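I have placed the structure first, in the form of structure tokens, so that the comments after it can refer back to it.
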Amino acid sequence: MDKQPLAETAVNQIEKVFGKYPGYRRAHARGDVYEGVFSANGAASGLTAAPHFKAGEVKVLVRFSHSSPDPTWTDIMSPVKGMAVQFQLPEGAVANIVGVNSPIFMAKTPEVFTEMLTIMKSFKNGKPRVVDLAQLIAKYPESRAAIEVLKKMHAPASFATGRYHAIHVFYFVDDQGNKRPIKYEWEPEAGVDTLSLTSAASMPIEYYKADLEDRLAAGPVAFQLNIILGETEDPTDDPTQEWPAERKKLTIGRLMVTKKAENAESVIFDPTVTTLGIECSEDRILNFRKEAYSISHERRTNGM
Ligand code: HEM
């Protein structure tokens, strides 16, 4: 019987399907880390005791990435892009928000995700085969919504024009201990803009990096941080489901990305790392990511 922890099986499975690239993250392999500043406007200070959401400024590291585990894929082969943010808190503590430009994920549980990796072999050429998708949806109807999002997805025109969602639910805990479910979303101040297929075809590799660095040379690249406030009937454990569109949204701060960070590639953006005033929900995918990211980090920083 297989005694391997599931997170290890999942990471091994990613390597089997997409290949092994020593020194690279096992997902979102190609990307770059930047420095920036987050300014909280205080709108969340009554909802959470988190120090970085009380009015004021903290330094951040931000990694923009292409989702493929294979770093040789061209930019456009990965329409899913990542924006991982690490808030630098007092005394060396950190808190992370890890987002992608999709509001939902395709698997509800780690077991399903790991099994899906086998079915998704044909993603190798950038696009899944229709027959594989049909097979996935038949087996896991809850995954239909995310697969539809993926099928229709156009890459953002720039890392600066993606809307990035942390997908999972977190709880904000206020100074009195009251808890409230929220979801995070980064809204680009440059506006959401996607690539047309014709412009995508003519894009050189590392287009996104060059574009971002051109923008940074002209000034900071900014995002608003929104939280979506959950109601009692909204699921808190299911990354395959969006909440109703009419849920209240609150802008709680502004992030300005300013320049490339030096020697930051080994940073681990574990989405379960939070701080006082923020708790992970019971979402099993969210909690599973902790171990998977740690295994990937250990391998890549040991030259594997
Ligand atoms: C079963 C679920 C998942 C597994 C097993 C998984 C696995 C991984 C692994 C192994 C890494 C590399 C970590 C490192 O070496 O630092 C990674 C990175 C990443 N993942 Fe996931 N992931 C999962 C779900 C998600 C979801 C739901 C999101 C959506 C927000 C996501 C977004 C990202 C991003 C943005 C990165 C790059 C982080 C960075 O820039 O360092 N992942 N993932």
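Ligands are counted one by one from 1 in listed order, and the atoms in each one are counted from 1 as well. Computed from a predicted structure; not experimentally measured.
Counting only protein N, O or S atoms, 1 lie closer than 2.8 Å to atom 21 (Fe) of ligand 1.
The side-chain heavy atoms of Glu206 and Arg30, taken from C-beta on, include a pair separated by under 4.5 Å. In this structure, Tyr208 and Met203 have side chains that are in contact, with non-hydrogen atoms separated by less than 4.5 Å.
Here the protein heavy atom with the shortest distance to atom 41 (O) of ligand 1 is Arg25 NE, 2.6 Å. The single protein non-hydrogen atom nearest to atom 38 (C) of ligand 1 is Ala84 CB, 4.0 Å, given as residue, atom name and distance. Looking only at heavy atoms of the protein, atom 5 (C) of ligand 1 is closest to Phe113 CE2, 3.4 Å. From the protein, the heavy atom lying nearest to atom 27 (C) of ligand 1 is Phe105 CD1, 3.4 Å. Arg63 NH1, 2.7 Å is the protein heavy atom nearest to atom 40 (O) of ligand 1. Shortest contact from atom 16 (O) of ligand 1 to any protein heavy atom: Arg300 NH2, 2.8 Å.
The N/O atoms of Ser296, backbone and side chain alike, include one that comes under 3.5 Å of an N/O atom in ligand 1. Residue Arg26 has no N or O atom closer than 3.5 Å to an N or O atom of ligand 1.
At least one heavy atom of Gly99 sits less than 4.0 Å from an atom of ligand 1. A heavy-atom separation below 4.0 Å is not found between Arg299 and ligand 1.
Taken together through direct or relayed side-chain contacts under 4.5 Å among Ile, Leu, Val, Met, Phe, Trp and Tyr, Leu89 and Leu255 form part of one hydrophobic cluster.
For Phe113 and Phe105, the distance between ring centers is under 6.0 angstrom.
Near Ile167, the atoms of ligand 1 lying under 4.0 angstrom from a non-hydrogen atom of the residue are 29 (C). Close contacts between ligand 1 and Phe288 involve ligand atoms 1 (C), 5 (C) [criterion: under 4.0 Å to a heavy atom]. In the vicinity of Ile285, heavy-atom distances shorter than 4.0 Å reach the ligand 1 atoms 1 (C), 2 (C). Listed by atom number, the atoms of ligand 1 under 4.0 Å from His297 heavy atoms are 15 (O).
Thr161 and Ser158 share no donor-acceptor pair across their side chains, judged by distance under 3.5 Å alone. Residues Thr274 and Glu279 bring no donor and acceptor atom of their side chains to less than 3.5 Å of each other.
With rounding to the nearest 0.5 angstrom, the CG atom of Asp32 is 6.5 Å from the CD atom of Glu265.
Scanning for side chain to side chain donor-acceptor pair (under 3.5 Å) contacts around Ser65 gives His28, with sequence neighbours left out.
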Please report the C-alpha distance between His52 and Phe38 in whole Å, then the side-chain angles of each, then the deciding distance to 0.1 Å, and finally whether the ring-ring contact (aromatic ring centres under 6.0 Å, His included) criterion is met. CA-CA 8 Å; His52 54 304; Phe38 177 75; 7.0 Å; no
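Side-chain atoms of Lys20 do not come within 3.5 Å of backbone N or O of Arg26 as any donor-acceptor pair.
Using a 4.0 Å cut-off between charged nitrogen and carboxylate oxygen, Glu242 and Lys183 do not count as a salt-bridge pair.
Below 30°, between 30° and 60°, or above 60°: for Phe223 and Trp186 the angle between ring planes is above 60°, a perpendicular geometry. Relative orientation of the Tyr184 and Phe53 rings is tilted, given thresholds of 30° and 60° on the angle between their planes.
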